[in-house]
Amino acid sequence: MGKINDTFNAITGRLKPKTVVIHTDGACRGNPGPGGWGALLNFDGHTKTMRGAARMTTNNRMELQAAIKALGALRRPCRVVLYTDSQYLRNGVTQWIDKWKRTNWRNSDRKPVKNRDQWEALDELRERHEITWHWVRGHDGNPGNEQADRLANRAIDELR
């Protein structure tokens, strides 16, 4: 009968989710100002890079956009290991978002959560995937983070 493909679960007859490693970064020149985002996706020896920019934005919006675009590029549910240098992104998605939803998108000061539109988009995507969120120190030699940073800055350069 031959070997069973390791992505196929012989017990349930379902495909096991792929594991994708993602590095994301956002950049802004001025805050607010021109901004860019970059993402590096790795799966099974294959690499995909993505980038984009906005003429007037904030660094936090670009950090969120990088994660949204990277997760949105996945065509089916995946296991994701996502690395970011943004404490705002990591803490928001792992610690704060569920409380924000319970309090009608109000923060601990009872003020509206900034970037709600992006948090809602990210929340929808995180429901689709099994994501492990990791924080890495930015500009500290992490190859994936450095490449995502270069992509974000290149996107800003391309605005001109």
Side-chain angles (χ1 to χ4, degrees), residues 1-28 35-54 57-102 105 113-156 158:
M1 188 146 155
K3 286 186 174 181
I4 295 174
N5 184 330
D6 67 0
T7 61
F8 188 80
N9 184 324
I11 296 170
T12 64
R14 295 184 184 160
L15 291 175
K16 289 183 186 178
K18 295 179 181 181
T19 298
V20 180
V21 177
I22 300 174
H23 289 83
T24 64
D25 198 23
C28 209
W37 60 268
L40 175 68
L41 294 77
N42 290 293
F43 167 73
D44 197 25
H46 301 282
T47 300
K48 176 182 176 95
T49 61
M50 303 172 66
R51 67 182 179 274
T57 190
T58 65
N59 188 65
N60 284 341
R61 286 190 69 81
M62 292 294 93
E63 295 285 359
L64 285 160
Q65 191 68 8
I68 290 165
K69 291 294 189 177
L71 293 170
L74 303 176
R75 295 192 175 133
R76 68 174 202 208
C78 296
R79 284 190 189 109
V80 177
V81 180
L82 193 144
Y83 294 90
T84 177
D85 64 5
S86 170
Q87 291 280 9
Y88 174 72
L89 171 59
R90 184 180 175 279
N91 291 341
V93 78
T94 63
Q95 298 175 31
W96 307 330
I97 197 167
D98 292 325
K99 183 175 181 185
W100 290 338
K101 291 182 344 184
R102 285 192 308 272
W105 294 96
V113 169
K114 291 181 180 177
N115 305 311
R116 176 179 172 175
D117 59 329
Q118 289 189 303
W119 286 114
E120 288 179 322
L122 185 59
D123 188 42
E124 187 176 321
L125 289 165
R126 79 179 180 131
E127 296 296 324
R128 184 171 184 215
H129 305 288
E130 179 185 323
I131 308 168
T132 306
W133 300 86
H134 296 277
W135 178 79
V136 296
R137 185 173 306 281
H139 311 288
D140 198 37
N142 179 292
N145 179 256
E146 296 292 340
Q147 187 167 356
D149 179 67
R150 284 190 297 275
L151 290 164
N153 279 288
R154 182 173 168 195
I156 299 171
E158 292 170 348

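All values below come from the heavy atoms of this structure, side chains included, with hydrogens, waters and symmetry mates left out. Given the structure is predicted, the values throughout are model-derived calculations rather than measurements. The chain is numbered in sequence order, starting from 1.
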(Q) Ignoring hydrogens, what is the shortest heavy-atom contact between Leu40 and Gly144? Give both atom names and the distance. (A) CD2-CA, 3.9 Å

Q) How close do Gly36 and Ala155 get, heavy atom to heavy atom, and via which atoms? A) CA-CB, 4.4 Å

Q) Are Glu158 and Arg51 within salt-bridge range, i.e. N to O under 4.0 Å? A) yes

Q) Is any side-chain N of the basic residue among Asp44 and Lys18 closer than 4.0 Å to the acidic one's carboxylate O? A) no

Between atom [atom1] of [X] and atom [atom2] of [Y], what is the distance when rounded to the nearest 0.5 Å?
X: Ile156; Y: Cys28; atom1: CD1; atom2: SG; answer: 6.5 Å
X: Thr94; Y: Leu89; atom1: OG1; atom2: CG; answer: 9.0 Å
X: Gln65; Y: Leu122; atom1: CD; atom2: CG; answer: 10.0 Å

Counting C-beta onward and ignoring hydrogens, is there a side-chain heavy-atom pair between [X] and [Y] closer than 4.5 Å?
X: Trp96; Y: Asn91; result: yes
X: Trp105; Y: Glu120; result: yes
X: Phe43; Y: Thr19; result: no

Among residues at least two apart in sequence or on other chains, which ones pass side chain to side chain contact (heavy atoms under 4.5 Å, CB included) with [X]?
X: Asn60; answer: Thr58, Tyr88, Asn115
X: Asp85; answer: Asp25, Glu63, Val136, Asn145
X: Ala54; answer: Thr57, Met62
X: Ala39; answer: Thr24, Trp37, Leu41, Met50, Ala70

(Q) Please evaluate residues Val20 and Val81 with respect to the criterion side chain to side chain contact (heavy atoms under 4.5 Å, CB included), reporting the C-alpha separation (whole Å), side-chain torsions for both, the decisive distance (0.1 Å), and the verdict. (A) CA-CA 6 Å; Val20 180; Val81 180; over 6 Å; no

Q: Could you go through the side chain to side chain contact (heavy atoms under 4.5 Å, CB included) check for Asn42 and Ile22 one step at a time?
A: CA-CA 6 Å; Asn42 290 293; Ile22 300 174; over 6 Å; no

Q. Is there any side-chain hydrogen bond (donor to acceptor under 3.5 Å, both in side chains) pair reaching into residues 127-142, and which pairs are they, with sequence neighbours excluded?
A. none

Q. Taking only residues two or more places apart in sequence, or in another chain, which ones meet Asp117 in a salt bridge (Lys or Arg N to Asp or Glu O under 4.0 Å)?
A. Arg61

